[in-house]
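Predicted, not measured: the structure shown is a model, and the values here were computed from it. By convention in this document, chain letters (A, B, ...) are assigned in the order of the sequence lines, proteins followed by strands, and residues within each chain are numbered from 1.
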2 protein chains.
Amino acid sequence: MTSISNVSCFNEARRVAIFGGTHGNEMSGITLVNLWIKNGKEIQRKGVETKPFITNPRAVEKCTRYVDTDLNRAFTTENLSAPSGDDLPYEVKRAQQINEIFGPKGSPDAYDVIFDLHNTTSNMGCTLILESSKDHFNLQMMHYIKPALDMVYLEGLSLDLVCLEGLSLDLVGPQPQGVLRSNIFESMRVVLKHALDFIELFNEGLEFPPCSVDVFRVWDKMDYPRDTNGNIIAMVHPNLQDCDWEPLNPGDPMFQMFDGTTVRYEGVGTVYPTFINEAAYYEKQQAFVTTRRETLVAGAIKKA
Amino acid sequence: MTSISNVSCFNEARRVAIFGGTHGNEMSGITLVNLWIKNGKEIQRKGVETKPFITNPRAVEKCTRYVDTDLNRAFTTENLSAPSGDDLPYEVKRAQQINEIFGPKGSPDAYDVIFDLHNTTSNMGCTLILESSKDHFNLQMMHYIKPALDMVYLEGLSLDLVCLEGLSLDLVGPQPQGVLRSNIFESMRVVLKHALDFIELFNEGLEFPPCSVDVFRVWDKMDYPRDTNGNIIAMVHPNLQDCDWEPLNPGDPMFQMFDGTTVRYEGVGTVYPTFINEAAYYEKQQAFVTTRRETLVAGAIKKA
């Protein structure tokens, strides 16, 4: 990226990857990617090479989140440089292969943009996850998609994939693991359509003027109440369940203990919970994530 | 059971088991049973020995439906009489152990009543599953619970557990696998409370007069549309999704193909679909089950 007269210049996005099945039981991305592998017409754009790809085929076959370890956390420098061998966890081997095809991470050979398609059991709607508030390309893309679909932008989660810039983690819910719901499937399809349209326009030389984007920034992570042995002793309170992105104020109900008593939020000021009661986060000791709202400004961008 | 002057007489239900974790990722039953193993006060009733029991602990530990094979289909005579050995699938060994503790199946030593607690990703609400329309004990129990909780009764699925009579498969949804939702948890708790109250009253000698119960009888099983390689090429139609127990008439939308076209129901007459888009039934090639409504008459019952 270079910046001339307040317009950030990015290289053309010639190579775009669409990943499904990074978690093998999140069916929307798996189904869309398999559909596009058979017939890619829907994702073709002028001057763009678009590659749909199933990232964790063994987990997809078993319809499980992962086989040995979470692929979404496997793209660390340590893993990618580990000597290859049969004793490596399956997802670490897979991360090395993906890095070879779509990376290497941090090199000019890496793909320009990667869309990584995910589902959640939380009532989060359509969410684009952004690693850095300085990512003008993704912010501009978000701003472009917004009129077509009511989306939410989450910032401050560490993403760890192989592309140079323009990684976009697209998350849609609520959808149970192992289930394909038509509404969730179609929402994800719409996000991808408009994201690819944006890339085509960008490649054609369109300059995108400065804009502002409302985002939620990750603030804190909340675990379930537990007993001294670490066992969960409460559930997400019915007043909070399914209320992702809605305000949670000090004193509001947060958990319902199994004995019926209520645990209230005791933080300072209003937060906006999300990832509420996500199935995969029980093992990560996380009942929900709190966020704060803020407005980011994306500078103008154009093709270098 | 004996029948005197149109009153069916059953033995006292002295021993009652409550099973959780028959499927290791259905969290309501697992959580309730673990809670009651620690403190059984809530399930104690006069003259009844109530035993809460985790049936598939290894699947619960892995938060997966099963390890080797579906425990809920493992209680066949062939499995129960197979020579024990390390080469048996885990759930077959487990079925043999459960049969030893709570059976043997068909013998007078078997437990009198077993509640087997399940969840579904389908929007089925509270459902009690009944094997036989001649099961007056369970029909009377259903009739007793009904005023406390809006429940549905499904008939005609083959159940295969170890108790003599009074097996009740209690199913509540929608709840994703691996998730505990407070509303689903509390509904299941209410079903069990009233079911145990019913047993206590029965044991005390109360006679339950004849009554009628509206049920849904299993009619047919519908698979997803598939291509010649067996791959699913459609989703449950948005008009049908979450509409368990609602009428589906000839000509109504049933599936939405990935290309957007609609597949309509072409059966004869109105059916009432259920188990719509249940996660665990993709591998059983089942998109939903159709049922027909009917009214069953339960004869009077009392203690022998």
Side-chain angles (χ1 to χ4, degrees), chain A residues 25 27-28 30-32 34-36 38-39 41-42 61-65 119-123 173-186 189 224 227 229 231-242 253 255-260 262 276-283 287, chain B residues 25 27-28 30-32 34-36 38-39 41-42 61-65 119-123 173-186 189 224 227 229 231-242 253 255-260 262 276-283 287:
Chain A
N25 53 12
M27 301 305 290
S28 304
I30 295 165
T31 309
L32 279 170
N34 277 328
L35 208 60
W36 292 332
K38 270 191 225 148
N39 183 351
K41 201 171 165 214
E42 189 177 332
E61 197 189 324
K62 290 169 176 260
C63 196
T64 184
R65 186 173 173 88
N119 290 124
T120 171
T121 62
S122 305
N123 187 26
Q175 180 168 273
Q177 296 174 345
V179 164
L180 183 66
R181 289 177 65 97
S182 57
N183 58 334
I184 303 296
F185 175 87
E186 294 299 344
R189 201 172 197 169
Y224 294 91
D227 65 17
N229 296 320
N231 299 312
I232 289 173
I233 51 173
M235 304 167 282
V236 168
H237 194 278
N239 289 22
L240 178 59
Q241 178 69 50
D242 301 327
F255 294 110
Q256 181 177 302
M257 304 291 283
F258 294 144
D259 66 9
T262 295
I276 298 171
N277 210 352
E278 158 58 39
Y281 289 175
Y282 280 74
E283 70 176 25
Chain B
N25 53 13
M27 301 305 289
S28 304
I30 295 165
T31 309
L32 278 171
N34 277 329
L35 207 61
W36 291 333
K38 270 191 224 145
N39 182 353
K41 201 172 167 213
E42 190 178 332
E61 197 188 325
K62 289 171 177 256
C63 196
T64 185
R65 185 172 173 90
N119 291 123
T120 172
T121 63
S122 306
N123 186 26
Q175 181 168 273
Q177 297 174 344
V179 165
L180 184 66
R181 289 177 64 96
S182 57
N183 57 334
I184 303 296
F185 176 87
E186 294 299 345
R189 200 173 198 169
Y224 295 92
D227 65 16
N229 296 320
N231 299 313
I232 288 173
I233 52 174
M235 304 167 282
V236 168
H237 194 278
N239 289 21
L240 179 59
Q241 177 70 50
D242 302 327
F255 294 111
Q256 181 178 303
M257 305 291 284
F258 293 144
D259 66 9
T262 295
I276 299 171
N277 211 350
E278 158 57 40
Y281 290 175
Y282 280 73
E283 70 175 26

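- One distance of note links CD1 of A:I30 with CG of A:N119; it measures 8.0 Å at 0.5 Å rounding.
- Atom NZ of B:K38 has more than 12 neighbouring heavy atoms from other residues, nucleotides or ligands inside a 6.0 Å radius.
- Only the side chain of A:D242 comes within less than 4.5 Å of a heavy atom of chain B; its backbone N, CA, C and O stay farther away.
- The distance from atom OG1 of A:T31 to atom CD1 of A:I184, rounded to the nearest 0.5 Å, is 12.5 Å.
- Per-residue heavy-atom pair counts under 4.5 Å with chain B were compared for A:R189, A:Q256, A:R181, A:E283, and the maximum is reached by A:R181.
- For chain A, the nearby part of B:D227 is the side chain; its heavy atoms alone come within less than 4.5 Å.
- Only the side chain of B:L35 has a heavy atom closer than 4.5 Å to any heavy atom of chain A.
- B:Q177 touches chain A through backbone and side chain together, each having a heavy atom under 4.5 Å away.
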How far apart are the C-alpha atoms of B:S28 and B:Q175, what are their side-chain angles, what is the distance that settles it, and do they pass the side chain to side chain donor-acceptor pair (under 3.5 Å) test? CA-CA 9 Å; B:S28 304; B:Q175 181 168 273; 3.1 Å; yes

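- Comparing B:T121, B:T64, B:L180 by how many heavy-atom pairs each has under 4.5 Å with chain A, the most go to B:L180.
- For the pair B:Q241 and B:I276, the tightest heavy-atom approach, listed with the atom from each and the gap, is CA-CG2, 4.3 Å.
- Residue contact with chain B, scored on non-hydrogen atoms closer than 4.5 Å, is absent for A:N183.
- Among B:P174, B:A234, B:C63, B:P238, the residue making the largest number of heavy-atom pairs under 4.5 Å with chain A is B:P238.
- Heavy atoms closer than 4.5 Å to chain A are found in both the backbone and the side chain of B:F258.
- Taking every heavy atom of both residues into account, A:V236 and B:S182 meet most closely at O-OG, 3.6 Å.
- Using bins of under 30°, 30° to 60° and over 60° for the plane-to-plane angle, the ring pair A:F255/A:Y224 lands in the tilted bin.
- The part of B:E186 that comes within reach of chain A is its side chain, from C-beta onward, which places non-hydrogen atoms under 4.5 angstrom from that chain.
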